[in-house]
Trainee: 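The structure follows.
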There are 2 protein chains.
Amino acid sequence: MTDKINRRGEIIRVASQLFIKNGYESTSVRDIAAGVGCTEAALYYHFKSGKRAILKEVVEVLVPMLFNVIVECRDAASLDALVAQYSRRLLDVMSDQAEVLRWAVSEFPNFGEEERAFFYEKQSMIFSHFVEMIQRYVPDRAEAQQTVWIIMCISIGYIQMFYSFNVKSTPYGQQVHLGALLARALSLPPP
Amino acid sequence: MTDKINRRGEIIRVASQLFIKNGYESTSVRDIAAGVGCTEAALYYHFKSGKRAILKEVVEVLVPMLFNVIVECRDAASLDALVAQYSRRLLDVMSDQAEVLRWAVSEFPNFGEEERAFFYEKQSMIFSHFVEMIQRYVPDRAEAQQTVWIIMCISIGYIQMFYSFNVKSTPYGQQVHLGALLARALSLPPP
DNA sequence: GTCTATAGCTTGATAGAC
DNA sequence: GTCTATCAAGCTATAGAC
């Protein structure tokens, strides 16, 4: 009810940023406390099991961000339109997306059973949802699944390549366009 | 000339493994010394600038591994054959490749200017080389470049998805085949 | 080249007052 | 709920003997 009602949420928010920026191991409980503007001891009041408990809740905030772009592309008129919309939407949130993806890859080995289970559950939900969306245009289920894998692999690879590694196009090559890559890979007319 | 001639190389070898397994930050100089079988002080004899200097040389060993798979697929008779050969070869070394890729993604933000420059130089060399290989079958340069980007993005995405995250295929779906994904994305006959 | 010893710092976590 | 104070354990790095 007071305006400090959300110390806990604030801790998660600050911790997310720090974990993404510096990694879990390199972020100290002190750093988090400083960011929030309280002492370390106060953190241990809110999260009895300490740093690990904070990670767990951060995962529950960040992992959904990884997959949610997809859901927002319902009601496209065709596969072309869906792919165009998807890649536009993905590029909009790319910087965030790239950070979260890089973080997820880095931190995944440190995840415990619970965090992994949560990740797989979200991934699986989104995959099914995506396949259903694609089946409107590609009725054959196996083919729709393959389409989804291609979109997902290209998206992940593209993000890693051009955002995490910040690869510039080579001297000869103009900027690489995600939409064009996806269109070519799915044999759609170029955007 | 003695059999301890390569203490230095041994340090790099052990450090590479530990950095990949636990990350740079979480690997202590003590861990490396223990793995090598000497004291920390001895490490500081071989690497005057300490842990950081070790990272620099580890990068020079690991980054080339990331890209070298590609080079080994010369002299294929067709694009189909090249892609088939490439994905077979990549799957052979996939575990290593996945580990090194995950490590590179994780550690990239900690790289200094020199390490980044080294990374980009290798990446650029391999990209050019790959484009030339593809141009035997796809003479148009822009199209050959796009082909390479598609192969690279799908490979990276596939590795991250199925090795770094260890995503199992969903209930409905059979195992996802890298070669099939690449063939479909490049409009080649399925393998 | 390799060792022992240690300086000087940061870490995650807790006890106990308010 | 939040604080001060403190802890043991860990860290990188160096000095100096052999």
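Letters go in sequence order (proteins before strands), and every chain restarts at 1.
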Trainee: Considering only heavy atoms, which members of residues 10-23 of chain B lie under 4.0 Å from some atom of DNA chain D?
Mentor: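 Per residue number, the list is empty: none.
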Trainee: Sequence neighbours left out, cut at 3.5 Å: what donor-acceptor pairs do the side chains of residues 117-127 of chain A make with other protein atoms?
Mentor:
from    : atom 1 : to      : atom 2 : distance (Å)
Y120(A) : OH     : F165(B) : O      : 2.6
Y120(A) : OH     : N166(B) : O      : 3.4

Trainee: Any pair with a residue in residues 76-89 of chain A that passes salt bridge (charged side-chain N to carboxylate O under 4.0 Å, His left out), sequence neighbours left out, goes on the list, sorted by first then second residue, please.
Mentor: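 Found E72(A)-R89(A).
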Trainee: Going by side-chain contact (heavy atoms from CB on, under 4.5 Å), name the residues that satisfy it together with E107(A), two or more places apart in sequence or in a different chain.
Mentor: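 For E107(A), the residues satisfying side-chain contact (heavy atoms from CB on, under 4.5 Å) (neighbours in sequence not counted) are Y24(A), W103(A), N110(A), F111(A).
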Trainee: Which atom pairs, donor and acceptor, lie under 3.5 Å between side-chain atoms of residues 94-101 of chain A and protein residues at least two apart or in another chain?
Mentor:
from   : atom 1 : to     : atom 2 : distance (Å)
Q97(A) : NE2    : L66(A) : O      : 2.8

Trainee: Which residues satisfy the side-chain contact (heavy atoms from CB on, under 4.5 Å) test with A41(A), sequence neighbours excluded?
Mentor: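 side-chain contact (heavy atoms from CB on, under 4.5 Å) list for A41(A), sorted by chain: T39(A).
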Trainee: I'd like to compare against my own output: the B/S/- annotation of nucleotides 13-18 of chain C with a strict under-4.0 Å heavy-atom distance to protein.
Mentor: BBB---
Trainee: Please table the atom pairs, donor to acceptor, closer than 3.5 Å between any side-chain atom in residues 152-164 of chain A and protein atoms at least two apart or in another chain.
Mentor:
from    : atom 1 : to      : atom 2 : distance (Å)
S155(A) : OG     : Y86(A)  : OH     : 2.7
S155(A) : OG     : I151(A) : O      : 2.6
Y158(A) : OH     : V176(A) : O      : 2.8
Q160(A) : OE1    : S164(A) : OG     : 2.7

Trainee: With sequence neighbours excluded, give me every salt bridge (charged side-chain N to carboxylate O under 4.0 Å, His left out) pair touching residues 33-46 of chain B.
Mentor: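 Counting only pairs at least two positions apart or across chains, the salt bridge (charged side-chain N to carboxylate O under 4.0 Å, His left out) contacts touching residues 33-46 of chain B are R30(B)-E40(B).
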Trainee: Would you mind classifying the nucleic acid contact of T39(A) as base, sugar-phosphate or nothing, using non-hydrogen atoms under 4.0 angstrom?
Mentor: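 The answer is base, as T39(A) lies within the cut-off (heavy atoms under 4.0 Å) of a base atom.
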Trainee: Taking 4.0 Å as the cut-off, does a side-chain nitrogen or oxygen of S28(B) come that near to OP1 or OP2 on dC11(D)?
Mentor: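 Affirmative; the distance criterion is met.
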Trainee: Quick one: list whatever passes side-chain contact (heavy atoms from CB on, under 4.5 Å) with S187(B), sequence neighbours left out.
Mentor: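 For S187(B) the side-chain contact (heavy atoms from CB on, under 4.5 Å) partners, ignoring immediate neighbours, are S187(A).
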Trainee: Compare side-chain N and O positions of R7(B) against OP1 and OP2 of dT2(C) and report whether any pair is under 4.0 Å apart.
Mentor: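 R7(B) to dT2(C) OP1/OP2: side-chain N or O found under 4.0 Å.
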Trainee: Could you tell me whether K56(B) and E114(B) make a salt bridge, using a distance below 4.0 angstrom between a side-chain N and a carboxylate O?
Mentor: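 E114(B) and K56(B): salt-bridged.
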Trainee: Starting at CD of E25(B) and ending at C1' of dT10(C), how long is that distance when rounded to a whole Å?
Mentor: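 After rounding, the gap between these two atoms is 12 Å.
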Trainee: From CZ of F47(A) over to P of dG1(D), roughly how many Å is that when rounded to an integer?
Mentor: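 Computing the F47(A):CZ to dG1(D):P distance gives 13 Å.
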Trainee: Between E113(A) and R116(A), does at least one N-O distance fall below 4.0 Å, as a salt bridge requires?
Mentor: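 Judged by the 4.0 Å cut-off on N to carboxylate O distance, E113(A) and R116(A) do not form a salt bridge.
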Trainee: Whole angstrom is fine here: how far is it from NE2 in H46(B) over to C1' in dC3(C)?
Mentor: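 Answer to the nearest Å: 12 Å.
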Trainee: Could you check whether T27(A) gets within reach of a base, just the sugar-phosphate, or nothing at all, counting any heavy atom under 4.0 Å?
Mentor: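 T27(A): backbone/sugar contact only, no base atoms under 4.0 Å.
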Trainee: Taking only residues two or more places apart in sequence or in another chain, which ones pass side-chain contact (heavy atoms from CB on, under 4.5 Å) with D140(B)?
Mentor: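 So D140(B) forms a side-chain contact (heavy atoms from CB on, under 4.5 Å) with A142(B), E143(B).
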Trainee: For DNA chain D, which residues of residues 106-115 of chain B approach it to below 4.0 angstrom with any heavy atom?
Mentor: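 When residues 106-115 of chain B is checked for heavy atoms under 4.0 Å from DNA chain D, there are no hits whatsoever.
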